Trainee: 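Got a structure for you, written out below as structure tokens; questions coming shortly.
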Amino acid sequence: MEIYLEVIEKLLQANYVVVLTGAGVSAESGISTFRDPNGLWAKFSPMELASIEGFLSNPQRVWDWYQYRRNILNKAKPNSGHYAIAEMGKLFRQFSLITQNVDRLHQAARSSDVIELHGNIIENHCFSCKKPYPVERNLPDKDIPRCPDCGGLIRPSVVWFGEMLPIDALQKAENASANCDIFFSIGTSAEVYPAASLPYVAKQNGAILVEVNPNYTQLTSFVDYHIHETSEKALPELVSTLKKAKGIYD
Ligand code: OAD
């Protein structure tokens with residue numbers, strides 16, 4: 001398709017490529033997105049389940065919801081989109097992968113140095129003293145666990161609404177966005193800030209913007225190329241064509 005060839009032509013000239021991903025990348029792996037018509041925020045309240053206020057008003061409800069999501073994630077595997085992004089990472093002198101996803105499926109697909117803007121759902125820590133809680137996923141406890149050191153409530157190590165993003169991850173993401181030649185926004189509605197500001201940082205600094213999304217988003221009218229396709233279809237095709245264009249044959 002014409003648009004793939006145009007993007008490949010730009011990629012062949014690029015030294016530094018940045019990819020920002022959102023929930024759409026994991027949709028094919030059976031992980032729900034948030035804002036699609038059947039997404040999590042159509043069924044659940046973000047303020048009840050993903051905010052400090054929601055946690056304080058009913059910690060057990062919040063804990064149960066994350067356990068429910070972990071049980072789904074336990075059965076999930078990376079899809080062809082995750083693998084194509086990992087492959088893409090090897091094709092450029094500089095490459096940064098920034099994700100809003102908490103599922104660690106990029107790492108499972110062997111992407112390295114993933115910049116996690118919203119934390120992860122695998123780990124937990126104490127709400128009060130912040131100490132990491134030693135047990136990972138699939139905690140047997142039905143009741144919300146307590147911190148062995150201070151007795152505080154244990155919470156998942158995700159970023160909730162109203163919380164600061166991890167400063168180190170945000171700085172790395174902003175720095176990468178400001179310095180790249182091509183910026184991909186893949187499978188995100190581009191509605192949640194500060195992640196949603198990153199494509200604009202890239203554009204202001206002269207990068208080409210490419211969006212991969214089967215739907216239109218707030219960013220679409222601003223990008224140079226919109227690949228109107230799912231990530232699991234578009235990315236393997238893009239990466240295999242790019243490899244051929246670079247003379248790489250497996
Ligand atoms: P959203 O649910 O807001 O957006 C998902 C996007 O993925 C939509 O634009 C869909 O069109 C697109 N999409 C769906 N299926 C796709 C597929 N197979 N391939 C490619 N794209 C597809 O999810 P995010 O943008 O990730 O934050 O949401 C950002 C943040 O809002 C999340 O990290 C989470 C949420 O509240 C926190 O929990 C802090």
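Nothing here was measured: the structure is a model prediction, and the numbers come from that model. Start at 1 and go down the list; that is how both ligands and their atoms are numbered. One is the number of the first residue; the rest follow in order along the sequence.
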Trainee: Listed by chain and number, what are the side chain to side chain donor-acceptor pair (under 3.5 Å) partners of S185, not counting sequence neighbours?
Mentor: none
Trainee: Would you call the rings of H82 and H106 parallel, tilted or perpendicular, where under 30° means parallel and over 60° means perpendicular?
Mentor: perpendicular
Trainee: Taking side chain to side chain contact (heavy atoms under 4.5 Å, CB included) as the test, write out the residues that go with Q60, two or more places apart.
Mentor: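 Counting only residues at least two positions away or on another chain, Q60 forms a side chain to side chain contact (heavy atoms under 4.5 Å, CB included) with N58, W63, D64, D143, I144.
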Trainee: Side chain to side chain contact (heavy atoms under 4.5 Å, CB included) with Y249: which residues, sequence neighbours excluded?
Mentor: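 Partners of Y249 by the side chain to side chain contact (heavy atoms under 4.5 Å, CB included) criterion, ordered by chain and then number, come out as K244.
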Trainee: For ligand 1, give me the residues whose heavy-atom distance to it is below 4.0 Å, by chain and number please.
Mentor: G22, A23, G24, A27, T33, F34, R35, D36, W41, Q100, H118, V159, F161, G187, T188, S189, V192, N213, P214, N215, T217, T230, S231, E232
Trainee: Is the NZ or CZ atom of R70 both under 6.0 Å from the centre of the six-membered ring of W65 and within 45° of that ring's axis?
Mentor: no
Trainee: Can a side-chain donor-acceptor contact be found between T230 and E28 if the only test is distance below 3.5 angstrom?
Mentor: no
